[in-house]
Amino acid sequence: MPALHLLGTGAALSDPHRTTTMLAVSDDASPPNTLIVDCGGDVLQRLQACGRSIDSVDGLVVTHAHMDHVSGFPLFMEKIWLDGRDRSIPVCGIEPALAQAQRVWDAFAPVHEGWDGIPPIEWREVRHRRDASMWSQAPWSVTAAPVDHGDTPNVGLRFEHARSDRVLAYSCDTAPTSSVVDLARGADILVHEANGVGDGHSTAAGAAEVAAEADVDRLLLVHLPPGDKTASLREARHIFPHTDLGEELGTYAW
C-alpha cells in the first residue's frame with residue numbers, strides 16, 4: 001500500500017508549526033521505496049520524523065528554483081553522505097530547477113570538496129512539457145507537466161503506484177490550471193497549494209474547483225499561509241466536501 005508523507009505544509013512564511021512544503025511517497029515493500037519532492041528545509045529530518053529511514057530514499061525531485069523548494073539541497077547531500085550511502089542519488093527536475101540545486105551545492109564546494117565518498121549525483125533533466133516522464137523505476141511512475149507559477153518555470157506531478165494502481169497528484173506552486181486538472185484526473189488524493197491570492201498561486205476555493213473538475217477522491221491543502229484558515233477551508237468544502245488542511249508530518253495511505 002502506498003503512503004503519502006507531508007514533510008512540510010507551509011508557504012515560505014507560515015505558521016510556527018509548519019515548515020516549507022515538502023513531501024514524500026513510500027510503500028510497504030521491504031525495504032520501502034521512497035521518493036522525496038523538494039527540499040526547502042531539512043527534508044531528511046522530516047522524513048525521519050515520519051518513521052522513514054534516510055537509506056530508503058531512492059531519489060529526489062526538485063520542482064522549481066525558489067528558495068523554499070531547493071535551498072536545503074546541500075544539507076540533503078551532507079546527510080545522505082553521513083548516513084553512509086554508497087550509491088548514487090538521482091536528482092530529477094526541469095533544467096532551471098536542477099541548475100539552482102547545482103548552484104547551491106557548488107556554493108559549498110570549499111566545504112565538501114575534500115569529503116571522501118560523497119554519493120555521486122545523477123542529474124536527470126526532464127523536459128518542461130506535458131506528459132514528461134519524471135520517474136519510471138518501479139513501483140513508481142511519475143509524470144510531470146508545466147503549471148502556472150508566474151514567471152517561474154515549475155511542474156506539477158502525477159504519481160502512479162504499479163502494485164496497487166493508486167494515483168496521487170501534486171499541484172506544486174500554481175494558480176488553478178488545466179494541466180493540474182489533467183494530472184489529477186481520477187486521483188485518489190490531490191495535494192494542492194492554497195497559498196492565497198497572488199500571482200502564480202491558488203486560494204483554497206480555487207484548489208477545490210480543480211479537485212472537483214478532476215473528480216478526485218480527496219483534496220489536501222498545502223503551501224499554507226500564516227493565520228486562521230477556518231473561513232477558507234469552509235469555502236473550499238462548499239465546493240469540494242472532501243477537503244482537508246494538510247497535517248504537518250501527516251501520513252496518508254492512498
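Not a single side-chain hydrogen bond (donor to acceptor under 3.5 Å, both in side chains) links Asp148 to another residue, sequence neighbours left out. For Asp15, the salt bridge (charged side-chain N to carboxylate O under 4.0 Å, His left out) test picks out Arg18, Lys229, with sequence neighbours left out. Under the salt bridge (charged side-chain N to carboxylate O under 4.0 Å, His left out) criterion, Arg185 pairs with Asp182, sequence neighbours left out. For His66, the ring pair (Phe, Tyr, Trp, His ring centres under 6.0 Å) criterion is met by His64, His149, not counting sequence neighbours. Qualifying ring pair (Phe, Tyr, Trp, His ring centres under 6.0 Å) partners for His5, counting only residues two or more places apart in sequence or in other chains: none.
Under 3.5 Å, the side chains of His69 and Asp173 contain a donor-acceptor pair of N or O atoms. Of the N and O atoms on the side chains of Thr230 and Asp228, at least one donor lies less than 3.5 Å from an acceptor on the other residue. A donor-acceptor contact under 3.5 angstrom links the side chains of Ser178 and Arg130, judged on distance only. When only modelled atom types and interatomic distance are considered, Ser56 and Thr34 share a side-chain donor-acceptor pair under 3.5 Å. Side chain to side chain, Asn33 and Asp27 meet the donor-acceptor criterion of an N or O pair below 3.5 Å. No side-chain donor-acceptor contact under 3.5 Å links Ser171 and Glu193.
Side-chain atoms of Glu122 never come within 3.5 Å of backbone atoms of Pro90 as a donor-acceptor pair (strictly under, hydrogens ignored). Judged by distance alone, with hydrogens and angles left aside, the side-chain atoms of Ser141 form no donor-acceptor pair with the main-chain N or O of Ser136 at under 3.5 Å. The main-chain N or O of Ala11 is never found under 3.5 Å from a side-chain atom of Asn195 such that the two would form a donor-acceptor pair. A distance-only check finds a donor-acceptor pair linking the side chain of Ser71 to the backbone of Met67 [under 3.5 Å]. Between the Ser164 side chain and the Arg166 main chain, a donor and an acceptor come within less than 3.5 Å of each other. Distance alone, capped at 3.5 Å, is enough to place a donor-acceptor pair between the Tyr252 side chain and the Glu247 backbone. His128 contributes a side-chain N or O that, together with a main-chain N or O of Asn154, makes up a donor-acceptor pair within less than 3.5 Å. At distances below 3.5 Å, not a single donor-acceptor pair connects side-chain atoms of Thr243 with backbone N or O atoms of Leu219.
Annotation: Phe73 is in aromatic contact with Trp123 [ring centroid separation under 6.0 Å]. Ring centroid separation for the pair Trp81 and His112 does not come in under the 6.0 Å cut-off.
Within a 6.0 Å radius of CZ in Arg129, other residues, nucleotides and ligands contribute more than 12 heavy atoms.
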* Asked: When you look at Val37 and Phe159, which way does the side chain to side chain contact (heavy atoms under 4.5 Å, CB included) test go after all the steps?
  -> CA-CA 11 Å; Val37 179; Phe159 298 80; 3.7 Å; yes

* To do: Output, in order, the C-alpha distance, side-chain angles, deciding distance and verdict of side chain to side chain contact (heavy atoms under 4.5 Å, CB included) for Leu157 and Thr143.
  => CA-CA 6 Å; Leu157 303 168; Thr143 304; over 6 Å; no

* Asked: Step by step, would you call Ile89 with Met77 a side chain to side chain contact (heavy atoms under 4.5 Å, CB included)?
  -> CA-CA 9 Å; Ile89 181 71; Met77 289 300 302; 3.9 Å; yes

* To do: Please lay out, stage by stage, how Leu4 and Leu23 fare under the test side chain to side chain contact (heavy atoms under 4.5 Å, CB included).
  => CA-CA 7 Å; Leu4 161 70; Leu23 56 88; 4.2 Å; yes

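The two atoms that bring Cys50 and Leu249 nearest to each other are SG-O, 3.7 Å, heavy atoms only. Closest approach of Leu7 and Arg46 over heavy atoms only: O-NE, 2.9 Å. Shown here for Pro2 and Trp140, the closest heavy-atom pair between the two residues is CB-CH2, 4.0 Å. When every heavy atom of Leu6 is checked against every heavy atom of Gly246, the shortest pair comes out as CD1-CA, 3.6 Å. Looking at every heavy atom in both residues, Leu98 comes nearest to Cys92 through CD2-C, 3.7 Å. Contact record, Ile189 with Trp254: CD1-CB, 3.6 Å, taken as the closest heavy-atom pair.
In this structure, the side chains of Pro119 and Ser88 stay at 4.5 Å or more apart for every pair of heavy atoms. Annotation: side chain of Asp38 is not in contact with side chain of Thr21 (no heavy-atom distance under 4.5 Å). Counting only heavy atoms from C-beta outward, the side chains of Trp135 and Val61 never approach each other to under 4.5 Å. Counting heavy atoms from C-beta on, the side chains of Val126 and Glu95 never come closer than 4.5 Å. Contact annotation: the side chain of Gln48 never approaches that of Ser53 to less than 4.5 Å [non-hydrogen atoms, C-beta and beyond].
In the hydrophobic cluster analysis, where Ile, Leu, Val, Met, Phe, Trp and Tyr join through side-chain heavy atoms closer than 4.5 angstrom, Trp105 is grouped apart from Ile94. A single hydrophobic cluster is seen to contain both Val91 and Ile36, as judged by linkage of ILVMFWY side chains at heavy-atom distances under 4.5 Å, directly or through other members. Under the 4.5 Å side-chain heavy-atom criterion for Ile, Leu, Val, Met, Phe, Trp and Tyr, Val222 and Met22 are members of distinct hydrophobic clusters. Neither Val147 nor Val197 shares a network with the other; the hydrophobic side chains, linked directly or stepwise wherever heavy atoms of I, L, V, M, F, W or Y lie under 4.5 Å apart, form separate groups for each. Linking Ile, Leu, Val, Met, Phe, Trp and Tyr residues whenever their side-chain heavy atoms come within less than 4.5 Å leaves Val57 and Leu168 in two separate clusters.
With rounding to the nearest 0.5 angstrom, the CG atom of Leu47 is 8.0 Å from the OG atom of Ser26. Here Ile54 contributes atom CD1 and Gln45 contributes atom CD; the two are 9.5 Å apart, rounded to the nearest 0.5 Å. Summarising the geometry, atom CG belonging to Leu220 is positioned 8.0 Å from atom CG belonging to Leu190; distances are rounded to the nearest 0.5 Å. Taking CD from Glu248 and OG1 from Thr19, the interatomic distance works out to 6.5 Å, rounded to the nearest 0.5 Å.
Using a 4.0 Å cut-off between a side-chain N of Lys or Arg and a carboxylate O of Asp or Glu, Glu235 and Arg237 do not qualify as a salt bridge.
The only option from Lys79, Arg85, Arg87 that meets the salt bridge (charged side-chain N to carboxylate O under 4.0 Å, His left out) definition with Asp55 turns out to be Arg87.
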Side-chain donor-acceptor distances from residues 206-218 under 3.5 Å, at least two apart:
residue : atom : partner : partner atom : Å
Arg218  : NE   : Asp244  : OD2          : 3.4
Arg218  : NH2  : Asp244  : OD2          : 3.2

